[in-house]
Amino acid sequence: MAHPHVTIHLPHWREMARHALVPLLESTVIPLLLFAVLLRTAGFDAGLWAALSWSGLAITARLVRRRALPAILLLSTAILVVRTVVGLWTGSALLYFLQPSAQNFLFAAALLVTLVGGGRPLLARLAEDFVAFPEALTSRPKVQQFFRRVSLLWAAVFVINGITTVTTLALSTVEEYLVVSTAGSWSVVAAGIAISLWWFRSSLAGEGVRLRLGPAAA
């Protein structure tokens, strides 16, 4: 049965890029860079405090300005608090970096657990931190089904990341680990994003939905 063609307009690509870049910088890139710089210039403890302080400031700034708190920022800060406590308590860089490697497996499990209850998948909530999907799109059964299925893909991505980072940590120095694990993790994530986008467009095409960037013409 042929589906009627429906065109759904997404924000302009510049707006989408800005929407995605801000939480990524806040939650991941800046804390990692601060830790790496302070690790080399002021020591391990200074790197820990710099990364954690940035995350605390990012949350505080959003609360003061009454802006929404991205799920990825809250999740990454909670993880960073645990990592910092363990790092300061043990003084071990190995244990500090082992935690996010292990958390890859926990996050993969969390993605799978949210599929069991039949509610909204965790991946769908996280995706909204990076792309402002309109209600006309997210309410469609085909889109909801897509997020449930693609959660399996991302569970596999996090398992691969976990195995890769644990192996790198066991065989490399801290500095080598920061470079290799970051490049490797981002490569796997980039591949996951590419597959997800292709899958997303294929799912919508099967329902006669076309996406357009920018507002609809008057």
Side-chain angles (χ1 to χ4, degrees), residues 17-65 67-111 122-123 125-127 129-130 154-155 157-193:
R18 183 168 57 250
H19 185 85
L21 185 61
V22 171
L24 181 62
L25 288 172
E26 284 180 333
S27 63
T28 305
V29 177
I30 293 179
L32 179 62
L33 290 177
L34 285 173
F35 177 83
V37 171
L38 270 294
L39 175 66
R40 296 185 64 87
T41 59
F44 180 64
D45 287 2
L48 295 180
W49 284 115
L52 183 59
S53 297
W54 165 263
S55 295
L57 286 173
I59 290 178
T60 301
R62 281 184 171 269
L63 291 175
V64 169
R65 297 167 64 184
R67 296 179 58 189
L69 289 172
I72 188 64
L73 177 59
L74 293 175
L75 182 61
S76 64
T77 301
I79 291 173
L80 194 55
V81 168
V82 175
R83 293 178 63 190
T84 303
V85 169
V86 173
L88 291 172
W89 182 36
T90 64
S92 172
L94 176 65
L95 290 178
Y96 179 78
F97 288 113
L98 183 61
Q99 292 175 80
S101 299
Q103 286 157 1
N104 273 296
F105 301 107
L106 294 176
F107 198 70
L111 289 176
L122 174 61
L123 189 65
R125 296 196 293 270
L126 291 174
D129 288 343
F130 298 97
W154 281 95
V157 167
F158 283 108
V159 168
I160 293 171
N161 258 343
I163 294 173
T164 302
T165 53
V166 167
T167 303
T168 305
L169 184 59
L171 301 176
S172 308
T173 65
V174 171
E175 288 80 6
E176 290 171 341
Y177 168 82
L178 286 173
V179 175
V180 175
S181 66
T182 300
S185 295
W186 286 12
S187 297
V188 174
V189 168
I193 291 174

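Because the structure is predicted, anything quoted here is derived from the model rather than measured.
With sequence neighbours left out, Ala36 forms a side chain to side chain contact (heavy atoms under 4.5 Å, CB included) with Leu178. Under the rule for a side chain to side chain contact (heavy atoms under 4.5 Å, CB included), the partners of Ala42 that lie at least two apart in sequence or sit in another chain are Leu38, Ala46. Partners of Ile160 by side chain to side chain contact (heavy atoms under 4.5 Å, CB included), not counting sequence neighbours, listed by chain and number: Thr164, Val188. Taking Leu33 as the reference, Val29 meet the side chain to side chain contact (heavy atoms under 4.5 Å, CB included) condition, with sequence neighbours excluded.
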Please list every donor-acceptor pair under 3.5 Å in which a side-chain atom of residues 56-63 meets a protein atom from a residue at least two apart or in another chain.
| from | atom 1 | to | atom 2 | distance (Å) |
| --- | --- | --- | --- | --- |
| Thr60 | OG1 | Gly56 | O | 2.8 |
| Arg62 | NE | Glu26 | OE1 | 3.1 |
| Arg62 | NE | Glu26 | OE2 | 3.3 |
| Arg62 | NH1 | Ala68 | O | 2.6 |
| Arg62 | NH2 | Glu26 | OE1 | 3.3 |

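The heavy-atom pair separating Phe105 from Gly162 by the smallest distance is CZ-C, 3.6 Å. Smallest separation of non-hydrogen atoms from Gly192 and Val157: CA-CG2, 4.3 Å. The two residues Trp154 and Ile193 come nearest to each other via the heavy atoms CZ2-N, 3.6 Å. Across Val37 and Thr41, no two heavy atoms sit closer than the pair O-OG1, 2.9 Å. Residues Ser55 and Pro31 approach most closely at OG-CG, 4.0 Å, considering heavy atoms.
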*Evaluation steps, side chain to side chain contact (heavy atoms under 4.5 Å, CB included), between Leu88 and Leu48*: CA-CA 8 Å; Leu88 291 172; Leu48 295 180; 3.6 Å; yes
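Here Thr84 contributes atom OG1 and Leu52 contributes atom CG; the two are 4.5 Å apart, rounded to the nearest 0.5 Å.
Residues Phe35 and Trp49 form no side-chain contact, since every pair of their non-hydrogen atoms from C-beta on lies 4.5 Å or further apart. Side-chain contact between Leu34 and Ile30 is present, with at least one heavy-atom pair separated by less than 4.5 Å.
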